[in-house]
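None of the values given here were measured: they were computed from a predicted structure. Numbering starts at 1 and runs along the sequence shown. Counting starts at 1 for both ligands and their atoms, following the listed order.
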Amino acid sequence: MTLLDSDTGLAPLEFAVTKNLAAKSPAQRDEILANPGFGTNFTDHMVDICWSSRGGWHRPRVQPYGPISLDPAAAVLHYGQEIFEGIKAYRHQDGSIHTFRPDQNGRRLQRSARRLALPELPVEYFIQSLRELVAVDGAWVPSGQDQSLYLRPFMFAREAFLGVRPAQKVAYYVIASPAGAYFHGGVNPVTIWLSEDYARAGKGGTGAAKTGGNYAASLLPQSEAYEHGCDQVVFLDGDGNVEELGGMNVIFVMKDGTLVTPESPSILEGITRDSILQLARDRGHTVHGRSVSLAEWREGVASGDIVEVFACGTAAVVTPIGTLKGKDFIDEQPTGELALSLREELTDIQYGRREDKHGWLLKLDS
Ligand code: PLP
Ligand code: COI
(Lines give C-alpha, C1' and ligand atoms only; values in the text may rest on other atoms or scores of the structure.)
(Ligands and ions follow the chains in the order given, each with its own letter.)
Protein backbone atom coordinates (compact mmCIF):
# COMPACT_ATOMS: atom_id res chain seq x y z
CA MET A 1 0.00 0.00 0.00
CA THR A 2 1.20 3.48 -0.65
CA LEU A 3 -0.01 6.59 1.09
CA LEU A 4 1.29 8.72 -1.72
CA ASP A 5 -0.95 9.89 -4.48
CA SER A 6 1.99 11.95 -5.74
CA ASP A 7 4.26 8.92 -5.90
CA THR A 8 7.19 10.00 -8.00
CA GLY A 9 8.65 6.51 -8.35
CA LEU A 10 11.93 7.66 -6.82
CA ALA A 11 14.40 4.91 -6.01
CA PRO A 12 14.85 4.54 -2.25
CA LEU A 13 17.95 6.20 -0.80
CA GLU A 14 20.82 3.98 0.31
CA PHE A 15 21.47 4.96 3.92
CA ALA A 16 24.92 4.33 5.38
CA VAL A 17 24.34 3.06 8.91
CA THR A 18 26.87 3.65 11.70
CA LYS A 19 25.76 2.03 14.95
CA ASN A 20 26.17 3.90 18.22
CA LEU A 21 28.79 1.99 20.21
CA ALA A 22 27.83 3.97 23.31
CA ALA A 23 24.10 3.24 22.98
CA LYS A 24 22.11 3.18 26.22
CA SER A 25 21.80 -0.23 27.84
CA PRO A 26 18.36 -1.88 27.86
CA ALA A 27 18.15 -1.10 31.60
CA GLN A 28 18.95 2.60 31.06
CA ARG A 29 16.45 2.76 28.21
CA ASP A 30 13.72 1.07 30.26
CA GLU A 31 14.26 3.57 33.05
CA ILE A 32 13.72 6.46 30.60
CA LEU A 33 10.73 4.77 28.97
CA ALA A 34 9.08 4.25 32.34
CA ASN A 35 8.65 8.00 32.66
CA PRO A 36 9.60 9.70 29.39
CA GLY A 37 8.18 13.20 29.98
CA PHE A 38 8.30 15.28 26.80
CA GLY A 39 11.32 16.24 24.71
CA THR A 40 14.11 15.70 27.22
CA ASN A 41 15.49 12.27 26.32
CA PHE A 42 16.70 11.17 22.91
CA THR A 43 17.28 7.83 21.23
CA ASP A 44 20.69 6.44 20.27
CA HIS A 45 20.71 7.44 16.59
CA MET A 46 19.73 10.17 14.19
CA VAL A 47 19.22 10.38 10.45
CA ASP A 48 20.86 12.95 8.27
CA ILE A 49 20.71 13.77 4.57
CA CYS A 50 22.69 16.55 2.89
CA TRP A 51 21.44 18.80 0.14
CA SER A 52 23.35 21.17 -2.09
CA SER A 53 22.18 23.23 -5.01
CA ARG A 54 24.65 21.31 -7.22
CA GLY A 55 24.26 17.78 -5.88
CA GLY A 56 20.62 17.69 -4.72
CA TRP A 57 19.87 15.21 -1.90
CA HIS A 58 22.89 13.08 -1.09
CA ARG A 59 24.86 11.27 1.65
CA PRO A 60 21.91 9.76 3.55
CA ARG A 61 23.13 8.42 6.87
CA VAL A 62 22.00 6.89 10.12
CA GLN A 63 24.55 7.78 12.74
CA PRO A 64 24.96 7.94 16.51
CA TYR A 65 22.87 10.69 18.10
CA GLY A 66 25.16 13.55 19.07
CA PRO A 67 26.22 17.15 18.56
CA ILE A 68 26.19 18.62 15.06
CA SER A 69 29.29 20.48 13.97
CA LEU A 70 28.41 23.81 12.33
CA ASP A 71 30.44 26.66 10.93
CA PRO A 72 29.75 29.77 13.07
CA ALA A 73 28.71 31.52 9.85
CA ALA A 74 26.07 28.86 9.03
CA ALA A 75 23.12 30.87 7.74
CA VAL A 76 20.61 29.22 10.10
CA LEU A 77 22.40 30.79 13.07
CA HIS A 78 21.98 34.27 11.62
CA TYR A 79 18.83 34.31 9.55
CA GLY A 80 16.78 31.45 10.98
CA GLN A 81 16.30 29.57 7.71
CA GLU A 82 14.92 26.44 9.36
CA ILE A 83 11.81 24.24 9.31
CA PHE A 84 10.67 21.17 11.22
CA GLU A 85 7.95 18.59 11.70
CA GLY A 86 6.49 16.68 14.62
CA ILE A 87 5.07 13.17 14.17
CA LYS A 88 4.74 10.19 16.47
CA ALA A 89 5.41 6.44 16.29
CA TYR A 90 2.96 4.30 18.25
CA ARG A 91 3.45 0.77 19.54
CA HIS A 92 0.49 -1.51 18.96
CA GLN A 93 -0.43 -4.35 21.25
CA ASP A 94 1.21 -6.94 18.98
CA GLY A 95 4.49 -5.02 19.28
CA SER A 96 4.40 -3.50 15.77
CA ILE A 97 5.22 0.19 15.25
CA HIS A 98 2.98 2.54 13.28
CA THR A 99 2.92 6.20 12.43
CA PHE A 100 -0.01 8.43 11.59
CA ARG A 101 -0.56 10.21 8.24
CA PRO A 102 3.15 10.69 7.48
CA ASP A 103 2.31 11.75 3.92
CA GLN A 104 0.61 14.82 5.42
CA ASN A 105 3.66 15.76 7.49
CA GLY A 106 5.86 15.18 4.46
CA ARG A 107 3.74 17.49 2.36
CA ARG A 108 3.62 20.13 5.10
CA LEU A 109 7.41 19.99 5.32
CA GLN A 110 7.46 20.69 1.59
CA ARG A 111 5.10 23.67 2.00
CA SER A 112 7.24 25.00 4.85
CA ALA A 113 10.34 24.49 2.69
CA ARG A 114 8.79 26.51 -0.14
CA ARG A 115 8.00 29.42 2.18
CA LEU A 116 11.48 29.38 3.73
CA ALA A 117 13.26 29.00 0.38
CA LEU A 118 14.62 25.60 1.40
CA PRO A 119 14.71 22.54 -0.90
CA GLU A 120 11.65 20.26 -0.92
CA LEU A 121 12.44 16.80 0.39
CA PRO A 122 10.44 14.24 -1.63
CA VAL A 123 7.69 12.76 0.56
CA GLU A 124 9.07 9.27 -0.20
CA TYR A 125 12.42 10.26 1.31
CA PHE A 126 10.69 11.84 4.29
CA ILE A 127 8.86 8.59 5.03
CA GLN A 128 11.99 6.54 4.39
CA SER A 129 13.93 8.70 6.86
CA LEU A 130 11.38 7.83 9.58
CA ARG A 131 11.62 4.13 8.73
CA GLU A 132 15.43 4.21 8.85
CA LEU A 133 15.44 5.72 12.32
CA VAL A 134 12.81 3.32 13.65
CA ALA A 135 14.76 0.41 12.12
CA VAL A 136 17.68 1.12 14.49
CA ASP A 137 15.84 2.71 17.43
CA GLY A 138 12.55 0.78 17.41
CA ALA A 139 13.19 -0.42 20.96
CA TRP A 140 12.71 3.19 22.04
CA VAL A 141 9.03 3.22 21.10
CA PRO A 142 7.37 2.92 24.52
CA SER A 143 4.35 0.76 25.16
CA GLY A 144 2.77 2.54 28.14
CA GLN A 145 -0.61 4.25 28.09
CA ASP A 146 -0.57 7.37 25.88
CA GLN A 147 3.16 7.01 25.28
CA SER A 148 4.84 7.26 21.89
CA LEU A 149 8.13 8.02 20.19
CA TYR A 150 8.02 11.65 19.07
CA LEU A 151 9.92 12.02 15.79
CA ARG A 152 11.36 15.43 15.00
CA PRO A 153 12.47 15.87 11.37
CA PHE A 154 14.12 19.24 10.72
CA MET A 155 15.98 21.04 7.99
CA PHE A 156 18.26 24.06 8.13
CA ALA A 157 20.62 26.29 6.16
CA ARG A 158 24.10 24.94 6.78
CA GLU A 159 26.00 27.08 4.28
CA ALA A 160 28.62 29.40 5.81
CA PHE A 161 27.74 32.69 4.16
CA LEU A 162 26.65 35.99 5.65
CA GLY A 163 24.91 37.44 2.61
CA VAL A 164 21.15 37.23 2.88
CA ARG A 165 19.99 34.74 0.25
CA PRO A 166 18.70 31.17 0.25
CA ALA A 167 21.43 28.78 1.34
CA GLN A 168 22.98 26.47 -1.20
CA LYS A 169 23.93 23.88 1.42
CA VAL A 170 21.23 22.46 3.62
CA ALA A 171 21.00 19.67 6.19
CA TYR A 172 18.00 17.48 6.98
CA TYR A 173 17.93 15.47 10.21
CA VAL A 174 15.52 13.29 12.12
CA ILE A 175 15.90 12.83 15.87
CA ALA A 176 13.52 10.98 18.17
CA SER A 177 12.40 11.41 21.74
CA PRO A 178 10.22 9.07 23.78
CA ALA A 179 7.14 10.97 24.91
CA GLY A 180 4.40 10.90 27.50
CA ALA A 181 1.89 13.70 28.09
CA TYR A 182 2.89 17.15 26.80
CA PHE A 183 1.16 18.94 29.67
CA HIS A 184 1.96 17.99 33.27
CA GLY A 185 -1.74 17.65 34.00
CA GLY A 186 -2.23 15.06 31.20
CA VAL A 187 -5.70 15.59 29.73
CA ASN A 188 -6.90 17.90 32.48
CA PRO A 189 -8.20 21.20 31.08
CA VAL A 190 -5.46 23.77 30.49
CA THR A 191 -5.43 27.49 31.22
CA ILE A 192 -4.69 29.74 28.26
CA TRP A 193 -3.20 33.23 28.27
CA LEU A 194 -4.49 35.67 25.67
CA SER A 195 -1.55 37.44 24.06
CA GLU A 196 -2.80 40.99 23.65
CA ASP A 197 0.55 42.67 22.94
CA TYR A 198 2.28 40.16 20.71
CA ALA A 199 1.34 38.25 17.55
CA ARG A 200 3.05 35.09 16.30
CA ALA A 201 2.33 35.74 12.64
CA GLY A 202 1.17 38.45 10.29
CA LYS A 203 -0.41 38.76 6.84
CA GLY A 204 1.97 37.35 4.25
CA GLY A 205 4.34 36.14 6.97
CA THR A 206 5.43 32.64 7.88
CA GLY A 207 2.55 31.65 10.21
CA ALA A 208 1.46 28.69 8.08
CA ALA A 209 4.99 27.28 7.95
CA LYS A 210 6.47 25.17 10.71
CA THR A 211 9.57 27.28 11.14
CA GLY A 212 11.58 28.09 14.24
CA GLY A 213 10.99 31.85 13.99
CA ASN A 214 7.27 31.46 14.72
CA TYR A 215 8.12 29.61 17.91
CA ALA A 216 10.80 32.15 18.83
CA ALA A 217 8.14 34.86 18.47
CA SER A 218 5.89 32.91 20.85
CA LEU A 219 8.40 32.60 23.69
CA LEU A 220 8.05 36.03 25.29
CA PRO A 221 4.24 35.77 25.40
CA GLN A 222 4.69 32.17 26.61
CA SER A 223 6.78 33.51 29.52
CA GLU A 224 3.98 35.99 30.21
CA ALA A 225 1.58 33.05 30.23
CA TYR A 226 3.67 31.21 32.83
CA GLU A 227 3.84 34.38 34.97
CA HIS A 228 0.05 34.43 34.94
CA GLY A 229 -0.24 30.76 35.85
CA CYS A 230 -1.21 29.70 32.31
CA ASP A 231 -0.03 26.70 30.29
CA GLN A 232 -0.17 28.09 26.75
CA VAL A 233 -0.78 31.27 24.78
CA VAL A 234 -3.55 31.96 22.32
CA PHE A 235 -2.68 34.39 19.54
CA LEU A 236 -4.90 36.78 17.63
CA ASP A 237 -4.35 38.21 14.17
CA GLY A 238 -4.13 41.99 13.78
CA ASP A 239 -7.94 42.22 13.40
CA GLY A 240 -8.94 40.59 16.69
CA ASN A 241 -9.54 37.11 15.24
CA VAL A 242 -8.41 34.01 17.08
CA GLU A 243 -5.56 32.18 15.36
CA GLU A 244 -4.06 29.33 17.35
CA LEU A 245 -1.98 28.46 20.39
CA GLY A 246 1.82 28.51 20.37
CA GLY A 247 1.89 24.83 19.40
CA MET A 248 -1.71 23.71 18.87
CA ASN A 249 -4.86 24.51 16.91
CA VAL A 250 -8.14 25.50 18.54
CA ILE A 251 -11.62 24.03 17.98
CA PHE A 252 -14.90 25.40 19.33
CA VAL A 253 -17.97 23.22 19.81
CA MET A 254 -21.23 25.10 19.33
CA LYS A 255 -24.45 24.20 21.11
CA ASP A 256 -25.99 22.73 17.95
CA GLY A 257 -23.03 20.33 17.70
CA THR A 258 -21.22 22.23 14.93
CA LEU A 259 -17.43 22.34 15.24
CA VAL A 260 -15.75 25.60 14.26
CA THR A 261 -12.03 26.16 13.86
CA PRO A 262 -10.28 29.41 12.96
CA GLU A 263 -9.15 29.47 9.35
CA SER A 264 -6.58 31.94 8.08
CA PRO A 265 -3.51 31.83 5.84
CA SER A 266 -1.29 32.48 8.87
CA ILE A 267 -2.33 29.42 10.91
CA LEU A 268 -0.40 26.16 10.85
CA GLU A 269 -2.66 23.55 9.24
CA GLY A 270 -2.68 20.89 11.93
CA ILE A 271 -2.92 17.24 10.98
CA THR A 272 -4.50 16.39 14.34
CA ARG A 273 -7.12 19.07 13.74
CA ASP A 274 -7.85 17.77 10.25
CA SER A 275 -8.21 14.22 11.61
CA ILE A 276 -10.42 15.24 14.54
CA LEU A 277 -12.68 17.22 12.22
CA GLN A 278 -12.94 14.20 9.90
CA LEU A 279 -13.91 11.96 12.83
CA ALA A 280 -16.52 14.54 13.88
CA ARG A 281 -17.89 14.63 10.31
CA ASP A 282 -18.06 10.83 10.35
CA ARG A 283 -20.28 11.14 13.43
CA GLY A 284 -22.57 13.57 11.62
CA HIS A 285 -21.28 16.85 13.03
CA THR A 286 -21.13 19.88 10.76
CA VAL A 287 -17.65 21.39 10.59
CA HIS A 288 -16.67 24.93 9.60
CA GLY A 289 -13.32 26.59 9.07
CA ARG A 290 -13.83 30.35 9.26
CA SER A 291 -12.67 33.40 11.16
CA VAL A 292 -13.64 33.51 14.82
CA SER A 293 -13.22 36.81 16.63
CA LEU A 294 -12.24 37.05 20.27
CA ALA A 295 -15.57 38.80 20.87
CA GLU A 296 -17.45 35.85 19.35
CA TRP A 297 -15.52 33.46 21.61
CA ARG A 298 -16.13 35.43 24.80
CA GLU A 299 -19.78 36.22 24.02
CA GLY A 300 -20.44 32.65 22.86
CA VAL A 301 -19.15 31.25 26.15
CA ALA A 302 -21.17 33.82 28.14
CA SER A 303 -24.38 33.10 26.22
CA GLY A 304 -23.96 29.33 26.13
CA ASP A 305 -23.64 29.23 22.32
CA ILE A 306 -20.17 27.73 22.72
CA VAL A 307 -20.28 24.56 24.79
CA GLU A 308 -16.66 23.31 24.59
CA VAL A 309 -13.27 24.63 23.53
CA PHE A 310 -10.26 22.44 23.00
CA ALA A 311 -6.72 22.49 21.66
CA CYS A 312 -5.19 19.83 19.44
CA GLY A 313 -1.81 18.93 18.04
CA THR A 314 0.57 16.00 17.72
CA ALA A 315 2.35 16.66 21.01
CA ALA A 316 -0.75 17.61 23.01
CA VAL A 317 -3.22 15.30 21.17
CA VAL A 318 -6.56 16.80 22.30
CA THR A 319 -6.64 18.91 25.46
CA PRO A 320 -9.71 20.77 26.74
CA ILE A 321 -9.29 24.48 27.43
CA GLY A 322 -10.61 25.16 30.93
CA THR A 323 -9.87 28.85 31.37
CA LEU A 324 -9.05 31.83 29.15
CA LYS A 325 -7.18 34.62 30.94
CA GLY A 326 -6.53 38.10 29.63
CA LYS A 327 -5.01 41.21 31.23
CA ASP A 328 -8.34 42.17 32.80
CA PHE A 329 -10.56 39.10 32.65
CA ILE A 330 -10.76 35.42 33.49
CA ASP A 331 -13.33 33.42 31.51
CA GLU A 332 -14.03 29.92 32.73
CA GLN A 333 -14.72 27.73 29.70
CA PRO A 334 -17.52 25.21 29.47
CA THR A 335 -16.29 21.63 29.30
CA GLY A 336 -18.15 18.68 27.84
CA GLU A 337 -17.73 15.16 26.60
CA LEU A 338 -16.98 15.67 22.93
CA ALA A 339 -13.30 16.66 23.13
CA LEU A 340 -12.43 13.63 25.23
CA SER A 341 -14.51 11.25 23.19
CA LEU A 342 -12.88 12.44 19.95
CA ARG A 343 -9.50 12.15 21.66
CA GLU A 344 -10.29 8.58 22.59
CA GLU A 345 -11.40 7.71 19.07
CA LEU A 346 -8.26 9.25 17.56
CA THR A 347 -5.86 7.58 19.99
CA ASP A 348 -7.70 4.25 19.61
CA ILE A 349 -6.93 4.45 15.87
CA GLN A 350 -3.33 5.53 16.45
CA TYR A 351 -2.67 2.68 18.91
CA GLY A 352 -4.44 0.09 16.76
CA ARG A 353 -7.36 -0.43 19.15
CA ARG A 354 -9.98 0.59 16.60
CA GLU A 355 -10.40 0.12 12.86
CA ASP A 356 -8.40 2.59 10.77
CA LYS A 357 -11.22 3.37 8.31
CA HIS A 358 -9.41 6.24 6.62
CA GLY A 359 -6.14 4.37 6.05
CA TRP A 360 -4.21 6.84 8.20
CA LEU A 361 -1.71 4.44 9.73
CA LEU A 362 1.56 3.39 8.16
CA LYS A 363 3.51 0.49 9.64
CA LEU A 364 7.08 1.63 10.14
CA ASP A 365 8.86 -1.52 11.21
CA SER A 366 9.48 -4.34 8.78
N1 PLP B 1 -0.18 24.92 15.46
C2 PLP B 1 1.11 25.01 15.82
C3 PLP B 1 1.72 26.36 15.93
C4 PLP B 1 1.86 23.84 16.06
O5 PLP B 1 3.14 23.91 16.42
C6 PLP B 1 1.24 22.58 15.94
C7 PLP B 1 1.98 21.37 16.20
O8 PLP B 1 2.55 20.75 15.37
C9 PLP B 1 -0.11 22.55 15.55
C10 PLP B 1 -0.79 23.72 15.34
C11 PLP B 1 -0.82 21.25 15.36
O12 PLP B 1 -0.35 20.58 14.24
P13 PLP B 1 -0.34 19.00 14.16
O14 PLP B 1 -1.70 18.57 14.57
O15 PLP B 1 -0.04 18.69 12.76
O16 PLP B 1 0.70 18.52 15.11
C1 COI C 1 3.89 19.24 17.76
O2 COI C 1 2.81 19.06 18.30
O3 COI C 1 4.42 18.35 17.08
C4 COI C 1 4.63 20.49 17.87
O5 COI C 1 5.52 20.72 17.13
C6 COI C 1 4.25 21.45 18.89
C7 COI C 1 5.26 21.71 19.94
C8 COI C 1 4.52 22.45 21.01
C9 COI C 1 5.94 20.54 20.51
Side-chain angles (χ1 to χ4, degrees), residues 36-42 82-90 99-112 115 126 130 146 148-155 174-184 190 192-193 195 198-202 205-219 221-223 225-226 230-237 242-251 261-280 289 310-319 321 339 342-343 346-347 349-350 360:
F38 186 88
T40 48
N41 296 292
F42 300 93
E82 185 269 355
I83 55 174
F84 66 97
E85 268 304 322
I87 180 166
K88 285 174 169 172
Y90 306 90
T99 193
F100 186 73
R101 306 187 73 183
D103 53 324
Q104 295 297 314
N105 292 84
R107 289 197 182 110
R108 188 168 66 189
L109 188 73
Q110 292 185 325
R111 295 199 296 278
S112 299
R115 180 63 185 85
F126 174 81
L130 308 182
D146 290 337
S148 59
L149 184 65
Y150 183 79
L151 301 164
R152 171 53 65 88
F154 60 103
M155 189 191 296
V174 188
I175 57 172
S177 174
Y182 184 73
F183 292 114
H184 292 303
V190 290
I192 302 295
W193 175 249
S195 179
Y198 309 105
R200 78 178 268 291
T206 56
K210 207 159 167 63
T211 180
N214 295 338
Y215 297 80
S218 77
L219 297 179
Q222 182 65 48
S223 308
Y226 291 144
C230 298
D231 305 287
Q232 270 277 314
V233 180
V234 62
F235 291 97
L236 302 178
D237 67 8
V242 180
E243 293 226 297
E244 59 183 321
L245 309 191
M248 280 147 247
N249 294 118
V250 183
I251 297 179
T261 190
E263 197 163 84
S264 120
S266 48
I267 291 178
L268 187 83
E269 292 176 288
I271 295 154
T272 315
R273 175 176 76 158
D274 185 71
S275 311
I276 285 287
L277 294 178
Q278 183 58 51
L279 295 179
F310 62 90
C312 57
T314 298
V317 195
V318 171
T319 308
I321 295 180
L342 287 167
R343 177 191 167 106
L346 179 71
T347 52
I349 295 169
Q350 291 168 332
W360 283 338

Nearest atoms (heavy-atom pairs only) where Thr99 meets Tyr90: CA-CD1, 4.5 Å

Could you tell me whether the side chains of Asn214 and Thr206 share a donor-acceptor contact shorter than 3.5 Å? yes

Side chain of Asn249, backbone of Gly270: donor and acceptor closer than 3.5 Å? yes

Contact set, ligand 2, heavy-atom distance under 4.0 Å, ordered by chain/number, equals Phe84, Gly86, Tyr150, Arg152, Tyr182, Lys210, Gly247, Thr314, Ala315

Ala339: what forms a side-chain contact (heavy atoms from CB on, under 4.5 Å) with it, not counting sequence neighbours? Glu308, Phe310, Val318

Please check if the number of heavy atoms outside Gln278 that lie under 6.0 Å from its CD is greater than 12. yes

For residues Asp231 and Tyr226, report the shortest heavy-atom separation together with the two atoms involved. O-CE2, 3.9 Å

Any salt bridge between Arg108 and Glu85, counting N to O under 4.0 Å? yes

Contact set, ligand 1, heavy-atom distance under 4.0 Å, ordered by chain/number, equals Arg108, Arg200, Lys210, Tyr215, Glu244, Leu245, Gly246, Gly247, Met248, Asn249, Leu268, Gly270, Ile271, Thr272, Cys312, Gly313, Thr314

Establish, from distance only, whether the side-chain atoms of Thr211 and Arg115 form a donor-acceptor pair under 3.5 Å. no

Run the side-chain contact (heavy atoms from CB on, under 4.5 Å) test against Ala179 and tell me which residues pass, sequence neighbours left out. Phe38, Ser148, Tyr150

